[in-house]
A.B. asks: 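My structure is below; once you've seen it, I'll send some questions.
Residue numbers start from 1 in every chain, and the chains themselves are labelled A, B, ... in the order their sequence lines are given, proteins ahead of strands. Computed from a prediction, not measured in an experiment: that's the story for all the values here.
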Protein chains: 2
Amino acid sequence: MGHHILLDSFVNPQSIAVIGVSSRTGPGTFNVLERMLASGYQGVIYPVNPRGGSILGLKVYKSVKDIDGHVDLAVIATPRTAVPGVVKQCTEMGIKAVVIITQGFSDAHDEAGMLMHQEIVNTIRGTKTRVVGPNTIGIVNTFANVDTSFVSFNTRTSPVGIVCQSGILLNASQDFAGGLGIGIDIGNTCDIGFTECMEYLADHDQIQVINLHMEGLRDGRRFLAAAREVTPRKPVLVLKTGSSEEGARAASSHSGSLAGEDAVFSAAFAQSGIIRVEDSTRLAELNQTFITYRQMKGKRIAFMTISGGAGIMAVDACSKNGLKAARLSDQTITALAGIFPDWMKVGNPADIWPAGMAKGYGKITALALDKILADDNVDAVLCATTGYLDPANDPLNTIDVINDIAARYPDKPTAVWVFGPHKQQYAKKFRDAKVAVAYNSPESALYCLAKLYQYHSTIKEQQYELYQAPQDTNHAGAAAIIAAGMGNHITALNEQALDVVEAYGIPVVRRGLAQTPEQALQLAEDLGYPVALKIASSDITHKSDAGGVILNIKSGYELVKAYDKIMQNALAHRPDARINGVLVQSQITRGTEVILGGRQDPQFGPVLVYGLGGIYTELVRDVTFRIAPVTRDEALEMIKETQSYKILSGARGQEPGDIEGLVDCIVRMGALLCDLPEITEVDINPLLVKPSGCLALDARLIPAYRE
Amino acid sequence: MGHHILLDSFVNPQSIAVIGVSSRTGPGTFNVLERMLASGYQGVIYPVNPRGGSILGLKVYKSVKDIDGHVDLAVIATPRTAVPGVVKQCTEMGIKAVVIITQGFSDAHDEAGMLMHQEIVNTIRGTKTRVVGPNTIGIVNTFANVDTSFVSFNTRTSPVGIVCQSGILLNASQDFAGGLGIGIDIGNTCDIGFTECMEYLADHDQIQVINLHMEGLRDGRRFLAAAREVTPRKPVLVLKTGSSEEGARAASSHSGSLAGEDAVFSAAFAQSGIIRVEDSTRLAELNQTFITYRQMKGKRIAFMTISGGAGIMAVDACSKNGLKAARLSDQTITALAGIFPDWMKVGNPADIWPAGMAKGYGKITALALDKILADDNVDAVLCATTGYLDPANDPLNTIDVINDIAARYPDKPTAVWVFGPHKQQYAKKFRDAKVAVAYNSPESALYCLAKLYQYHSTIKEQQYELYQAPQDTNHAGAAAIIAAGMGNHITALNEQALDVVEAYGIPVVRRGLAQTPEQALQLAEDLGYPVALKIASSDITHKSDAGGVILNIKSGYELVKAYDKIMQNALAHRPDARINGVLVQSQITRGTEVILGGRQDPQFGPVLVYGLGGIYTELVRDVTFRIAPVTRDEALEMIKETQSYKILSGARGQEPGDIEGLVDCIVRMGALLCDLPEITEVDINPLLVKPSGCLALDARLIPAYRE
C-alpha cells in the first residue's frame with residue numbers, strides 16, 4: 001500500500017528541512033527548529049532561511065535547493081506569500097513529504113489566500129510531493145521524538161493515533177486524549193486528508209486506538225469505505241465538532257430541513273463502525289478503556305460500592321447510558337450475605353462498607369469482587385471507592401486488591417470510580433498497572449463501558465451485508481420525467497414526483513389530473529368514491545397550508561363544490577401561482593403516515609430520511625438518516641429506531657403496518673437517490689403504511705439545475 | 001426562628017459528647033473521637049463508653065448520664081441495639097442535638113431496624129431533643145473545625161453549604177462541590193430533614209450557595225414552600241439521585257405511567273426556583289460560578305480563542321446549552337480588525353492567535369478582551385486558552401491580563417477554558433484571584449453560564465404569582481359522583497369521570513348513556529348526527545384497544561349496526577366485563593387532541609400532567625408536569641413548553657386552538673386534584689382544543705380506596 005510508505009516520510013523522517021526558520025529563540029518565539037531539537041529528534045535537520053548563517057549551532061541553508069543531502073520531510077513556516085514558491089522548489093527537489101505550518105490560505109478571509117491554496121494544489125499535482133496542511137502544527141510522533149509544532153508542550157506516550165484539524169488536539173493531547181503516539185494535524189487538508197491517515201494508523205503496530213477530530217470532510221464515501229475496513233480491526237473514535245445549527249444549510253423541503261448535517265454525520269459514522277464521542281471531556285477515558293479492556297460480552301453491570309449513595313449515582317448513570325444493572329445469581333447473593341452484617345439487604349449495588357468496617361476493607365473488597373466477577377449474570381463491574389487521602393498512606397487504598405482480582409477475569413471489565421480529592425493519584429496508579437481503569441465519575445465510567453460494549457457487540461464482529469439493487473426499476477422513465485420538469489424550469493416537482501417514485505416501484509395511490517370539474521367527475525367515477533382532491537401547482541409547496549387539500553369526498557355534488565373551493569383557496573394563497581389542475585386520488589385513510597425521502601449531501605452524496613409523517617413530521621422530528629443505498633437490514637433498522645415503530649407494530653388499537661413492504665420502499669428510495677444524482681431533494685409525505693402494502697399519497701422532488 | 005437556634009447546637013456546638021467511642025485508634029479504626037481531635041475542634045469533648053478509663057488523653061464517662069457539664073451535641077456511635085436507650089438518656093439529660101452515626105435502622109433489611117427507628121421517633125416526640133440521622137457521618141463545619149465523621153478526609157473551605165443523604169458528599173466535598181463550609185448529612189432523616197437545614201443555611205452569613213444531595217424527600221409541599229422563600233436570596237443547587245426507571249412506580253393510567261417520579265421532581269424544583277444539576281461532575285464548577293459572578297443579564301456569549309478548533313467546540317457547547325453566540329457590534333469588529341492580520345476574517349469566535357503570535361499574546365489578549373466585554377451585544381465571554389506548560393514559566397500565561405480586564409466588567413461573566421495538562425494549576429490560580437472561573441471544558445463552562453443566566457433571569461427576580469382558585473366549581477357534586485363509584489367498588493371511573501370534570505367547569509362533550517339500541521337512537525336524535533359511540537364499562541380500560549369506539553355515525557341505520565358491533569367487540573375482548581351500556585356523544589372532529597390529567601404523588605401530593613393527546617400520547621411522550629394548583633401563567637407555561645404547542649398555534653394548516661380556554665381547563669384540573677384527594681389518578685384524553693373552547697371527549701378516574 002503506497003500511501004503507507006508515503007506517510008512514513010511524514011511520521012518517521014530520517015531528515016527534515018525546516019524552511020523559514022526564525023533566528024529568534026527562547027520562550028514566546030514559537031521557533032519550530034528549537035522545538036524540534038528540544039523534543040529529542042535524532043535525524044538530520046537542515047534549517048533554511050534566505051539570510052543563511054547559523055541558528056542554534058546548525059548551519060542555515062539559504063534555499064532548500066542548496067541542501068546537499070536527502071530530505072525526507074520539509075516543514076514550511078515562511079510568510080504565506082513565499083509558500084507556493086517554496087512548495088515548487090520542494091517538488092523540484094523530489095521531496096515527498098511537505099508540512100505547511102503557515103496560516104492564511106483557504107482559512108483566510110481574502111481572495112489571495114484561496115488563490116495561493118489553489119496554486120499549491122496545482123503545483124503538487126502529478127508530482128511525487130504530498131502535503132499536510134497548510135494551517136497546521138504538522139506531525140508529532142512520540143515513539144520517535146518527531147515534532148514539527150511551534151508551541152512548547154508535553155504529552156504522555158500512549159498507543160493512540162490522532163488525526164485532527166486543530167493543533168490543540170496534539171499540543172493538549174494529554175488532556176484531550178490521555179496521551180499520544182502519533183499525531184497528524186491535517187489542517188486545511190489541501191492534499192492529505194482523513195482517509196489516508198486513518199488507514200496508515202490502522203496498519204501501524206504501535207497504535208491501538210485511532211482518534212479523529214473532524215471539523216469537515218471531503219469525499220465522504222471514500223472515507224466511509226475505508227472506515228468499514230479499519231473499524232473491525234481497531235476502534236476509531238471521532239470527535240466531530242461544528243455540530244450546532246450554525247452549520248446547517250438552508251433547505252426548502254421537509255427532508256432537506258430535517259437532514260441537518262450533524263445527524264447525517266452521525267448516521268455515516270454508525271454505518272461504518274466509527275464511534276462518535278459526544279463530549280470532548282470523555283475522549284481520554286475512552287481511549288484508556290479501549291487500551292485496557294479486551295472484551296465486553298453484555299450490558300449487565302454489577303456495582304460494588306463503599307457508599308450506598310455512590311451506588312445510586314452509579315445505577316442512574318448505568319440506566320442513562322443504556323446499560324443494565326445485573327441481577328446477581330442466588331449463589332452470589334448467598335455468598336455475599338455470608339460476608340455482610342445480618343441486618344443488611346444484599347443486592348446490586350452491593351454496599352461493602354458495613355462489612356469492610358467490621359472485617360477490614362481490603363479483605364472484603366477482595367472477597368466480594370471475586371464473587372461478583374465469577375457470576376455468570378455479570379458482564380462488567382464498577383467498583384466505587386474513595387480517594388480521600390494520598391494512596392501512599394490511605395488505609396482504604398485497595399488498588400492492588402482490585403487489580404489482583406480483576407486480572408483473573410480478563411474478559412470482564414473491572415472499572416473503578418474513585419471519588420475524593422486524591423482521585424487523580426489513584427487514576428495514575430491504576431493506569432500504570434494496566435488492569436483496570438479509574439474513571440473520573442460514574443457518568444464517565446458507564447459512558448465508556450457502553451461504548452466498549454457497542455464496539456464488541458456490533459462493530460468488531462460486524463459482517464457488512466452486501467447491498468443488492470432492486471431489479472424492476474425504470475431508470476430511464478424516472479429520468480425522463482425529471483428531465484421534462486427541468487425543461488419546464490419547475491423548481492419543485494409535485495404530482496410528477498409521484499410518477500418518479502412509481503417508476504422505481506414504490507406503490508402510489510391511484511390518481512389522475514383534472515383541469516375542469518367535468519374531468520374531475522369522470523376521474524372520480526373511474527376511481528370510485530370516496531376521493532381526495534389536491535391542488536396541482538409547482539408554485540404551491542405546502543398544499544395543506546394553502547387550503548389546497550380536501551379529503552373524503554363522497555359524491556359528485558361534494559366533488560364539484562370541493563373543486564371550486566380548492567381553486568379559490570389556491571389563488572387566494574398565491575394569486576400568481578401556475579395551476580396545472582387538481583389531482584383526484586382514491587381516498588385512503590387506514591394506515592400510518594410516514595415520511596420517506598432523501599437528498600444529496602455535500603459530504604456523503606445521497607442520504608435517506610425516514611420518520612413519522614403527516615402534520616407531526618416537523619413538530620416531533622422522529623426521523624432517522626442513512627447514507628444510501630441501504631440493504632434490507634439497514635432499512636429495517638431505520639424503521640425500528642424511530643418512535644413511530646410502536647404505531648406500525650400495532651400499538652394502541654392500530655392495525656399493524658406492512659413492515660416488509662415499507663422496507664422495500666426504503667430500499668427503492670435509496671436506489672432512486674443513487675441512480676439519479678439530478679435529484680437534489682425528494683420526499684414522500686405521507687407514505688401510508690397499511691396492513692398490506694404501502695401507498696405514496698403525496699410527494700415533492702427538487703431537481704438539481706446546477707452544472 | 002426557633003429552628004435556627006436549634007441547628008446551631010449541631011453546627012456550632014460548644015461541647016460534644018461522643019457516645020460509643022472506640023478504644024482502638026489509628027488508621028483504619030474509624031474512631032470518631034480521634035477524627036474530631038484531628039480536625040482541630042476547640043470545644044469540650046466528653047467521651048462515653050461503659051468501660052470507662054481514658055482514650056487519647058481524655059477521661060471516658062461510663063454513661064452519658066455521668067457527664068458533669070453541659071452537652072450541646074451528642075454523637076452516638078454505639079452498636080445499633082444500644083442506640084434507642086442512649087437516645088432516651090439524651091432526652092432525659094435535655095440534650096437538644098443528637099447525631100446518630102450508627103447504621104441498621106430504616107436502612108436495614110430486617111424488621112428490628114425499622115422497630116428501633118420507630119422507637120427513636122417515639123422517644124424524642126414532645127421532648128427538646130432533635131436528631132440528625134441515623135446512618136450518617138453527621139456534621140462538618142469547616143469554619144469552626146467541627147467534624148463528626150469517622151473517616152479521614154480533607155476539604156477546602158468555601159462558602160458552600162451542603163445537605164446530603166450520603167456522607168461521600170462531605171468526605172469528598174472538594175471533589176464533588178469544590179469545597180465546603182457547612183455540611184449536614186441527614187442520613188435516614190428520622191427527624192431533621194431538608195427543609196430545616198436549607199432554611200438554616202439560607203440565613204447563615206458565611207454560606208453563599210446551598211447544595212442538596214437528595215435521594216428522597218418527605219413532606220414535599222413544605223419543602224417547596226420553604227424553597228420559594230430561599231431561592232431568590234441564595235442559589236439552591238440540587239443533585240437528585242435515584243432518577244432511573246428502577247424508582248418509577250407501577251401505574252395503571254396514562255397520567256400515572258407518564259408521571260415518572262423523576263419528572264415530577266424536576267417540575268417541583270423548577271416551580272420553586274431550585275436549580276437541578278444533571279451530572280455530579282458539574283457541581284463543583286457550578287458552585288464556583290455562583291460564588292464568583294454576581295450577575296448575568298442575557299444569553300449572548302462571545303468567544304475569544306487561541307485556537308480556531310477550540311472556538312468551534314465552544315460554539316457547539318453554547319448551542320447545546322441553549323445560549324447564543326453573540327453578534328459583535330460593527331464597532332467591535334472594526335476594532336478587532338485593526339489588531340488582527342489583514343487576511344483574517346473577524347467575527348465570533350474571535351481567534352486571537354495569529355495576532356498574538358505576531359504582536360504578543362498577552363497584549364492582544366488584553367486589547368481584544370476589553371473591546372469584546374465593552375460590546376453591548378455581549379452578555380458574557382468565554383476565553384479559550386492553553387495550559388500546556390506550568391503557569392509559572394509559560395509564555396502563554398495570561399491569567400493576570402484576563403483578571404485585570406474582567407474585573408472592570410463585574411456584571412459580565414468572564415469565563416475561561418484552559419486546555420492542556422496544566423489546566424488544574426491554571427484553575428487554582430483563577431480560583432485564588434476570584435474574578436473569573438477556569439472551567440474544565442467548554443461543555444462545562446457553557447452549562448454553568450446557562451444555569452447562572454437561568455438564576456438571574458427567572459429565579460432571582462421572580463415574584464411568585466398568587467394562585468386564585470376558580471370560583472364556579474361544584475365540589476360537593478364531584479365528590480358525590482366519586483363516592484357513588486366507590487360505593488360500587490369501581491376500580492376506574494369512566495363515563496362518570498366526565499361528570500366529575502364537568503362539575504369542575506371543564507367543558508365536556510354532549511352525551512348520554514344508552515342501554516338499548518332504542519335508547520341510543522333517541523339520544524342520537526336529541527344530540528343530532530353525526531355521533532360517536534363508546535363502550536361504557538368500568539372493566540374496559542383502553543376502549544380503542546377493545547374495539548369499543550366507533551366514530552362518525554351519520555344515520556340511525558349506521559348507529560344500530562355500530563351498537564351491536566361495539567357490544568360484540570367488548571364481550572370478545574373481555575367476556576366477563578360488566579357493561580353499563582354505550583355512551584352516545586356528539587361527534588366532534590375539528591380540534592387538536594391533548595391529554596390533561598394528574599395524580600397524587602407520594603412526595604408532592606397533587607401533580608398535573610399535560611401534553612400531546614390521542615394515540616401519540618404514550619409514543620411521543622410530549623408531556624409536562626406541575627405540582628398543583630397552578631396559576632394561569634403556570635398553565636400557559638405548561639402549554640408552551642410542549643412540542644404540540646406548535647400545532648395549537650396553527651402550524652401546518654391547522655386552525656389555532658383556544659389557548660385561553662385550555663389555560664382555564666388546566667387551572668380547573670389543578671383545583672380538582674387539590675380539592676379531592678380521594679382522586680388517585682385522573683385523565684382527560686382526548687381533551688379537544690377547538691378554535692373556540694375545549695371539549696373533554698373521554699376521561700378516566702381512579703379513586704383512592706386506602707384509608
A.B. asks: Where is the tightest heavy-atom contact between A:Pro421 and B:Asp175, given as atom of each residue plus distance?
C.D. replies: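 Answer, listing the atom of A:Pro421 first, then B:Asp175: N-CB, 4.2 Å.
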A.B. asks: What heavy-atom pair brings B:Ser307 and A:Ser166 nearest, and what distance separates the two atoms?
C.D. replies: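 Smallest interatomic distance, heavy atoms only, reads OG-OG, 3.3 Å.
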A.B. asks: Could you tell me which portion of B:Ile168 (side chain, backbone, both or neither) has an atom closer than 4.5 angstrom to a non-hydrogen atom of chain A?
C.D. replies: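 Looking at B:Ile168, backbone and side chain both touch chain A.
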A.B. asks: With a 4.0 Å cut-off, would you call B:Lys320 and A:Asp262 a salt bridge?
C.D. replies: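 Between A:Asp262 and B:Lys320 there is no salt bridge, as every charged N stays at least 4.0 Å from the carboxylate O atoms.
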A.B. asks: Kindly give the heavy-atom pair with the smallest separation between B:Val151 and A:Tyr388, and that separation in Å.
C.D. replies: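 Of all heavy-atom pairs spanning B:Val151 and A:Tyr388, the closest is CG1-CD1, 3.4 Å.
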A.B. asks: Look at B:Ile306, B:Asn171, B:Leu389, B:Asp110 and state which one has the largest set of heavy-atom pairs under 4.5 Å with chain A.
C.D. replies: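 Top option by heavy-atom pairs under 4.5 Å: B:Asn171.
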A.B. asks: Please say whether more than 12 non-hydrogen atoms of neighbouring residues, nucleotides or ligands are located less than 6.0 Å from CZ in B:Arg156.
C.D. replies: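 More than 12 within 6.0 Å, yes.
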A.B. asks: Is it the side chain or the backbone of B:Arg80 that comes within 4.5 Å of chain A heavy atoms, both, or neither?
C.D. replies: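 The answer is the side chain of B:Arg80.
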A.B. asks: Rounded to the nearest 0.5 Å, what separation is found between the CZ atom of B:Phe30 and the OH atom of A:Tyr361?
C.D. replies: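 Those atoms lie 9.5 Å apart.
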A.B. asks: I'd like to know which of A:Met313, A:Gln174, A:Glu443 tops the heavy-atom pair count under 4.5 Å against chain B.
C.D. replies: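 Ranked by contacts with chain B, first place is A:Glu443.
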A.B. asks: Which one of B:Gly547, B:Gly104, B:Pro27 has the most heavy-atom pairs closer than 4.5 Å to chain A?
C.D. replies: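 Ranked by contacts with chain A, first place is B:Gly104.
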A.B. asks: I'd like to know which of A:Gly113, A:Ser441, A:Ser152, A:Gly28 tops the heavy-atom pair count under 4.5 Å against chain B.
C.D. replies: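 Answer, by heavy-atom pair count under 4.5 Å with chain B: A:Ser152.
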A.B. asks: Quick one: what part of B:Tyr645 sits under 4.5 Å from any heavy atom of chain A, side chain, backbone, both or neither?
C.D. replies: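 Neither part.
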A.B. asks: So, using side-chain hydrogen bond (donor to acceptor under 3.5 Å, both in side chains) as the criterion, who are the partners of B:Gln103 when residues are at least two apart?
C.D. replies: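 Only B:Asn135 meet the side-chain hydrogen bond (donor to acceptor under 3.5 Å, both in side chains) criterion with B:Gln103.
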A.B. asks: To the nearest 0.5 Å, what is the distance between CG on B:Leu239 and CG on A:Asp316?
C.D. replies: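 Nearest 0.5 Å value for the CG-CG distance: 9.0 Å.
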A.B. asks: So for B:Leu169, is it side chain, backbone, both, or neither that comes closer than 4.5 Å to the heavy atoms of chain A?
C.D. replies: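 Answer is side chain: those atoms of B:Leu169 sit under 4.5 Å from chain A.
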A.B. asks: Based on non-hydrogen pairs under 4.5 Å, which of B:Lys345, B:Glu111, B:Gln165 is most in contact with chain A?
C.D. replies: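 Between B:Lys345, B:Glu111, B:Gln165, the count favours B:Lys345.
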A.B. asks: Take atom CG of B:Asn393 as the centre, draw a 6.0 Å sphere, and report whether it contains more than 12 heavy atoms from other residues, nucleotides or ligands.
C.D. replies: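 Enclosed: over 12 neighbouring heavy atoms sit under 6.0 Å from CG of B:Asn393.
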A.B. asks: Quick one: list whatever passes side chain to side chain contact (heavy atoms under 4.5 Å, CB included) with A:Lys363, sequence neighbours left out.
C.D. replies: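 Result, side chain to side chain contact (heavy atoms under 4.5 Å, CB included) vs A:Lys363: A:Leu367.
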A.B. asks: Which bit of B:Val346 is near chain A, if near means a heavy-atom gap under 4.5 Å: side chain, backbone, both or neither?
C.D. replies: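 Neither; nothing under 4.5 Å.
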